[in-house]
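What follows is a set of notes on a single structure, which appears directly below.
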Amino acid sequence: MTPKNNVVAWNVMISGYVSTGCYVESLGIYDDLREAGIKPDAITFTSALAACSQLAALERGKELHNCIVESKLDSNEIVMGALLDMYAKCGAINEAQGVFNHLSTIDLVSWTSMIVAYGSHGQAFEALKLFDKMLKSNMKPDRITFLAVISACSHAGLVDEGHHYFNLMVNNYGIQPAIAEYSCLIDLLGRAGRLYEAYDILQRTHYIREDVDLLGTLFSACHLHGELKLGEEIAKLLIEKDPDDPSTYIVLEKMYASTKKWDEARKVRLQMKDLGLRKNPGCSWIEVDRSIRYFLAEDKTFSQAELVYDCLSLLHFQMEKDEVAVNAAL
DNA sequence: ATAGGGTTAG
């Protein structure tokens with residue numbers, strides 16, 4: 001059954017699983033490939049690394065790094081780009097920077113990954129500095145680069161800067177903002193409490209006025225800032241559009257509760273119950289000894305506190321160990 | 001034949 005020497009067939013399986021979001025399964029196929037004695041190539045590693053990125057499976061990612069060096073594939077631009085992104089998504093900024101520094105040529109994807117690495121881990125100024133350096137090296141940013149830059153600003157509360165980059169994107173780079181770009185802008189303004197400005201943008205741009213994701217982004221910002229009036233208005237729109245989505249009711253209830261409107265909060269809860277809506281269970285996972293362990297938010301089999309404690313001590317131990325290994329590798 | 005970058009909410 002198994003394609004003995006055909007690495008392409010294996011790669012198709014691995015990348016197929018990755019592109020359908022089955023990351024654990026894709027790593028399973030990678031393990032099967034190794035067990036079958038097949039030699040992985042650049043494409044195998046690229047796909048397996050993408051799976052690790054999504055799972056934040058740093059341990060597995062580092063193993064792949066070692067194999068890549070052994071296979072002398074560490075000059076392949078795409079493999080290195082995937083490796084950089086893996087480290088970035090795992091929050092290993094120093095390792096990401098190490099890979100970035102050793103690239104012989106830095107293409108647009110690698111620039112963007114490195115900007116994301118900083119921007120999504122609270123280092124907005126580093127992200128902006130890197131973006132500036134990228135422009136100076138005459139690399140032309142695309143919409144994904146701008147999304148990374150604007151969201152970096154959003155998380156750091158740099159509203160004016162974020163707005164500036166949005167305008168730069170539209171006016172100097174001719175990128176027409178679509179839903180994703182507006183979503184970033186609305187998040188930027190909303191997080192900073194400039195809710196009516198955000199709402200204006202939504203209203204003025206007729207073709208996005210009805211978009212559930214954008215309304216949802218603004219709704220979360222209303223909740224964050226306890227803005228009841230606008231929040232209620234948006235909740236009404238959201239419930240009209242998607243009456244079966246429990247998240248709207250949950251956020252609305254929390255918004256009432258945090259502004260001490262207990263009667264209203266109770267009404268929302270009852271309404272939810274009447275409709276038979278249930279909260280989707282929260283789910284997370286952690287990598288323990290090479291395997292990915294899932295757990296649910298309402299899992300009663302062990303105490304949450306115990307679990308959190310275990311995770312923290314494991315992560316702490318892992319970080320110390322990894323620091324030494326990666327420094328040696330570089 | 002198969003390959004890397006994307007914001008957002010409780």
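Sequence lines set the chain letters: A, B, ... in the order given, protein chains first and strands last, and positions in each chain run from 1.
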>> Mind checking if A:V116 touches a base, just sugar-phosphate, or nothing, with heavy atoms under 4.0 Å?
In response: sugar-phosphate
> A:I43 has a side chain; which of B:dG4, B:dT7, B:dT2 sits nearest to it?
Replying inline: B:dT2
> Atom CD1 of A:I14 and atom P of B:dG4: how far apart are they, to the nearest Å?
Replying inline: 12 Å
>> Under 3.5 Å, is there any donor-acceptor pair linking the side chain of A:T112 to the base of B:dG5?
In response: yes
>> Nearest to the side chain of A:S110, heavy atoms from C-beta on, is which of B:dG4, B:dG5, B:dT2?
In response: B:dG4
> To the side chain of A:V8, which of B:dA1, B:dG4, B:dG5 is closest?
Replying inline: B:dA1
>> Does A:K236 have more than 12 heavy atoms from other residues, nucleotides or ligands lying within 6.0 Å of its NZ?
In response: no
>> What is the separation between atom CG on A:L238 and atom P on B:dA9, rounded to the nearest whole Å?
In response: 15 Å
> Within the pair A:R191 and B:dA9, is there a side-chain N or O less than 4.0 Å away from OP1 or OP2?
Replying inline: yes
>> Would the base of B:dG4 count as contacting A:D107 through its side chain, where contact means a donor and an acceptor less than 3.5 Å apart?
In response: yes
> Whole-Å distance between B:dG10 P and A:M255 CE?
Replying inline: 13 Å
> Should the pair A:K140-A:D107 be classified as a salt bridge under the 4.0 Å nitrogen-to-oxygen rule?
Replying inline: no
> Rounded to the nearest Å, what distance is computed from the CG atom of residue A:D142 to the P atom of nucleotide B:dT7?
Replying inline: 14 Å
> A:N6 side chain: which of B:dT7, B:dA1, B:dG4 is closest?
Replying inline: B:dA1
>> Tell me if the side-chain of A:S183 makes a donor-acceptor pair with the base of B:dT7, cut-off 3.5 Å, by modelled atom types.
In response: yes
> Taking the side chain of A:S220 as its heavy atoms from C-beta onward, which of B:dA9, B:dA3, B:dG5 lies nearest to it?
Replying inline: B:dA9
> Can you tell me how far C1' of B:dA9 sits from CG of A:L230, to the nearest Å?
Replying inline: 15 Å
>> Under 4.0 Å, counting only non-hydrogen atoms across every strand here, what does A:E181 touch: a base, just sugar-phosphate, or nothing?
In response: nothing
> How close or far is atom P of B:dT2 from atom CE of A:M13, stated in whole angstroms?
Replying inline: 16 Å
> Contact class for A:S53 (heavy atom, under 4.0 Å): base, sugar-phosphate, or nothing?
Replying inline: nothing
>> Using a heavy-atom cut-off of 4.0 Å across all strands, would you classify A:D213 as base, sugar-phosphate, or nothing?
In response: nothing
> With sugar-phosphate meaning primed atoms plus P, OP1 and OP2, does A:N76 contact a base, only sugar-phosphate, or nothing at under 4.0 Å between heavy atoms?
Replying inline: base
> Given side chains that start at C-beta, do those of A:Y17 and A:I29 come closer than 4.5 Å, heavy atoms only?
Replying inline: yes
>> Run the side chain to side chain contact (heavy atoms under 4.5 Å, CB included) test on A:L202 and A:I186 for me, step by step, so that the C-alpha distance in whole Å, both residues' side-chain angles and the decisive distance to 0.1 Å come before the verdict.
In response: CA-CA 8 Å; A:L202 219 114; A:I186 284 170; 3.1 Å; yes
>> Side-chain N or O of A:K89 versus OP1/OP2 of B:dG6: is the shortest distance under 4.0 Å?
In response: yes
> Counting side-chain heavy atoms from C-beta on, which of B:dG10, B:dT2, B:dG5 comes nearest to A:I144?
Replying inline: B:dG5
> What nucleotide among B:dG6, B:dA3, B:dA9 has an atom nearest to a side-chain atom of A:A180?
Replying inline: B:dG6
>> Any salt bridge linking A:D31 with A:R60? Criterion: basic side-chain nitrogen under 4.0 Å from a carboxylate oxygen.
In response: yes
> Which of these nucleotides, B:dT2, B:dG5, B:dT7, is closest to any side-chain atom of A:S15?
Replying inline: B:dT2
> Picking from B:dG10, B:dT7, B:dG5, which would you name as closest to the side chain of A:C184?
Replying inline: B:dT7
> To the nearest angstrom, how far is A:L237 atom CG from B:dA9 atom P?
Replying inline: 21 Å
> Side chain of A:I78: nearest nucleotide among B:dG6, B:dT2, B:dG4?
Replying inline: B:dG4
>> Between the base of B:dG6 and the side chain of A:S151, is one N or O donor paired with an acceptor at under 3.5 angstrom?
In response: no
> Touch check for A:T217, heavy atoms < 4.0 angstrom, all strands: base, sugar-phosphate only, or nothing?
Replying inline: base
> Would you say the side chain of A:S247 and the base of B:dG10 hold a donor-acceptor pair, judged only by whether the two atoms sit under 3.5 Å apart?
Replying inline: yes
> B:dG5 P sits how many Å from A:F146 CZ, rounded?
Replying inline: 20 Å
>> Is it the case that the side chains of A:Y30 and A:E35 hold a donor-acceptor pair, with the cut-off being a distance below 3.5 Å and no angle test?
In response: no
> Is any side-chain heavy atom of A:E233 less than 4.5 Å from a side-chain heavy atom of A:Y199?
Replying inline: yes
